[in-house]
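Below: the structure, in structure tokens.
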Number of protein chains: 2
Amino acid sequence: MLTLTPVEAVACCSPLSREPLSREAAERVAPMLKALADPVRLRLLSLVASHEGGEACVCDLNDAFELSQPTISHHLKVLHEAGLLDREKRGVWVYYRSSGAALSALATLISDPAS
Amino acid sequence: MLTLTPVEAVACCSPLSREPLSREAAERVAPMLKALADPVRLRLLSLVASHEGGEACVCDLNDAFELSQPTISHHLKVLHEAGLLDREKRGVWVYYRSSGAALSALATLISDPAS
DNA sequence: CTAAGAGATCGATGGCTGTCGATGTGTGTG
DNA sequence: CACACACATCGACAGCCATCGATCTCTTAG
């Protein structure tokens with residue numbers, strides 16, 4: 001079986017309102033939306049995406065929530081595995097960067113072509 | 001407490017990449033994304049949105065899946081309560097219609113303003 | 001009124017997931 | 001080497017959710 005990157009999994013599809021989504025496409029897209037569908041992950045992604053330089057250090061993200069460090073690490077992993085965040089280790093610190101391509105692909109899929 | 005419609009809950013927010021999403025906003029938006037984040041519901045919404053006239057009868061939707069009638073009814077209810085589908089009963093049949101406003105609002109939230 | 005059909009609701013169940021404390025791994029410091 | 005620190009992983013637990021069969025509600029036909 002060929003494994004697609006998350007971005008490839010979404011870029012394949014025309015907007016929801018244009019033609020019925022196939023079962024295969026729906027099963028590829030749903031995990032990305034699932035990764036987004038959590039208040040903490042939404043805020044994490046927004047923090048990273050809106051941060052200066054488009055990237056943020058985990059050390060800063062931990063302090064932004066009243067949650068344990070493992071929990072934040074878990075959410076970042078989910079976003080990373082969904083293709084929404086890129087991960088880079090620099091020395092002791094880890095930086096996450098938002099994937100504009102993945103977000104744009106999702107937005108295109110959801111957007112209403114009639115409006 | 002003031003209760004917002006789902007569309008109002010999302011229309012309030014600027015794109016994720018523009019500024020950090022507040023906790024309150026994230027908790028309002030996440031349920032809509034959660035409603036979308038299921039393969040069956042994605043296909044249901046796409047079937048309705050892409051259907052002729054922008055609406056579809058439940059009787060047709062049931063036959064499009066190998067799932068029980070209560071399960072389809074459950075998924076339609078979730079999409080309806082999230083504000084993504086409007087519901088109208090005509091005689092014995094029930095028709096669902098997609099809410100372009102809700103989808104557009106979500107797409108704007110997710111879209112990357114830098115691209 | 002009775003019967004039939006469309007669709008919603010209910011109750012149960014197995015699987016998934018957000019959260020935590022404890023621990024592991026890798027990196028820089030002395 | 002020993003220690004401190006940043007972050008990931010592990011195991012456990014409680015709450016949520018997709019699914020189903022059974023049942024209920026409502027509308028139309030006869």
Side-chain angles (χ1 to χ4, degrees), chain A residues 21 23 26-48 51 55-98, chain B residues 21 23 26-48 51 55-98:
Chain A
L21 201 64
R23 185 176 63 81
E27 287 174 352
R28 283 194 301 264
V29 173
M32 295 187 63
L33 287 168
K34 217 170 210 172
L36 263 184
D38 178 274
V40 175
R41 288 198 288 267
L42 268 178
R43 291 176 63 198
L44 277 171
L45 181 64
S46 182
L47 271 174
V48 172
H51 196 271
E55 68 177 13
C57 174
V58 175
C59 54
D60 296 326
L61 299 174
N62 273 323
D63 299 338
F65 298 84
E66 291 184 348
L67 290 170
S68 69
Q69 176 265 323
T71 298
I72 299 297
S73 184
H74 162 70
H75 285 307
L76 288 171
K77 182 182 183 181
V78 171
L79 287 168
H80 173 60
E81 289 180 339
L84 296 169
L85 285 183
D86 293 329
R87 185 179 178 279
E88 185 185 351
K89 182 164 185 176
R90 293 208 287 270
V92 187
W93 296 281
V94 173
Y95 291 81
Y96 282 92
R97 171 179 298 272
S98 76
Chain B
L21 202 63
R23 185 176 62 80
E27 288 174 352
R28 282 194 301 265
V29 174
M32 295 188 64
L33 287 167
K34 215 171 212 172
L36 263 186
D38 178 275
V40 175
R41 289 197 288 267
L42 268 178
R43 290 177 64 197
L44 277 171
L45 181 64
S46 182
L47 271 174
V48 172
H51 196 271
E55 67 176 14
C57 175
V58 175
C59 53
D60 296 327
L61 298 174
N62 273 323
D63 299 338
F65 298 84
E66 291 183 349
L67 290 170
S68 69
Q69 177 265 324
T71 298
I72 299 297
S73 184
H74 162 71
H75 285 307
L76 289 171
K77 182 182 182 181
V78 171
L79 288 168
H80 173 60
E81 289 181 340
L84 297 169
L85 285 183
D86 293 329
R87 186 179 178 281
E88 185 186 352
K89 182 164 186 175
R90 293 208 287 270
V92 187
W93 295 281
V94 173
Y95 290 81
Y96 282 92
R97 171 180 298 272
S98 77

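So you know, we letter chains A, B, ... as the sequences are listed, proteins then strands, and number each from 1. Only this structure's heavy atoms are used, side chains among them; waters, hydrogens and symmetry mates stay out.
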* Asked: In B/S/- notation, 5' to 3', how is nucleotides 25-30 of chain C contacted by protein heavy atoms closer than 4.0 Å?
  -> -SSS--

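Proximity note for B:Cys59 (side chain, C-beta onward) versus D:dC7, C:dC20, C:dG7: the nearest is C:dG7.
Listed by residue number, there are no residues of residues 33-48 of chain B with a heavy-atom contact under 4.0 Å to DNA chain C.
Distance check: B:His74 NE2 to B:Ser68 OG gives 10.5 Å after rounding to the nearest 0.5 Å. Remark: B:Arg28 CZ to B:Arg23 CZ distance equals 10.5 Å, nearest 0.5 Å. Taken to the nearest 0.5 Å, the CG atom of A:Leu79 stands 11.5 Å off from the CG atom of A:Asp86. Of the inter-residue distances, the one linking B:Tyr96 atom OH with B:Lys77 atom NZ reads 9.5 Å to the nearest 0.5 angstrom.
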Under 3.5 Å, which donor-acceptor pairs do the side chains of residues 32-41 of chain A form with other protein atoms, sequence neighbours left out?
{"residue": "A:Asp38", "atom": "OD1", "partner": "A:Val40", "partner atom": "N", "Å": "2.9"}
{"residue": "A:Asp38", "atom": "OD1", "partner": "A:Arg41", "partner atom": "N", "Å": "3.2"}
{"residue": "A:Arg41", "atom": "NE", "partner": "A:Ala35", "partner atom": "O", "Å": "2.6"}
{"residue": "A:Arg41", "atom": "NH1", "partner": "A:His75", "partner atom": "ND1", "Å": "3.1"}
{"residue": "A:Arg41", "atom": "NH2", "partner": "A:Lys34", "partner atom": "O", "Å": "3.3"}

Using the 3.5 Å cut-off, write out each protein N or O paired with an N or O of nucleotides 8-12 of chain D and the distance between them.
{"residue": "D:dA8", "atom": "OP1", "partner": "A:Arg87", "partner atom": "NE", "Å": "3.4"}
{"residue": "D:dA8", "atom": "OP1", "partner": "A:Tyr96", "partner atom": "OH", "Å": "2.8"}
{"residue": "D:dA8", "atom": "OP2", "partner": "A:Ser73", "partner atom": "OG", "Å": "2.6"}
{"residue": "D:dA8", "atom": "O5'", "partner": "A:Ser73", "partner atom": "OG", "Å": "3.4"}
{"residue": "D:dA8", "atom": "N7", "partner": "A:Gln69", "partner atom": "NE2", "Å": "2.8"}
{"residue": "D:dA8", "atom": "N6", "partner": "A:Gln69", "partner atom": "OE1", "Å": "3.2"}

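Rounding to whole angstrom units, CG of residue A:Leu67 and P of C:dT17 are separated by 18 Å. Here the C1' atom of nucleotide C:dT17 and the CG atom of A:Leu79 are 14 Å apart, to the nearest Å. Between B:Glu66 atom CD and D:dC20 atom P the separation is 10 Å, expressed in whole Å. One can place CG of B:Leu85 at 11 Å from P of C:dA8, the figure rounded to the nearest angstrom. Straight-line distance from the CH2 atom of B:Trp93 to the P atom of C:dA8: 15 Å, rounded to whole Å. What separates NE2 of A:His75 from P of C:dC20 is a distance of 8 Å, to the nearest Å. To the nearest angstrom, P of D:dC7 lies 8 Å from CG of A:Asp60. Rounded to an integer number of Å, the gap from CG of B:Asn62 to P of D:dG21 is 13 Å.
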* Could you check B:Val48 against B:Leu61 for side chain to side chain contact (heavy atoms under 4.5 Å, CB included), going step by step and ending with a plain yes or no? => CA-CA 8 Å; B:Val48 172; B:Leu61 298 174; 4.0 Å; yes

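Scored by the salt bridge (Lys or Arg N to Asp or Glu O under 4.0 Å) test, B:Arg87 finds no partners at all (sequence neighbours excluded).
Contact between B:Ser98 and B:Leu85 at its shortest, heavy atoms only, is CA-CD2, 3.7 Å. Among all heavy-atom pairs drawn from A:Leu45 and A:Leu84, the shortest one is CD1-O, 3.9 Å.
Counting only residues at least two apart or in different chains, side-chain hydrogen bond (donor to acceptor under 3.5 Å, both in side chains) contacts with residues 55-66 of chain B comprise B:Glu55-B:Arg90, B:Glu55-B:Arg97.
Between A:Val94 and A:Cys57, every side-chain heavy-atom pair lies at or beyond the 4.5 Å cut-off.
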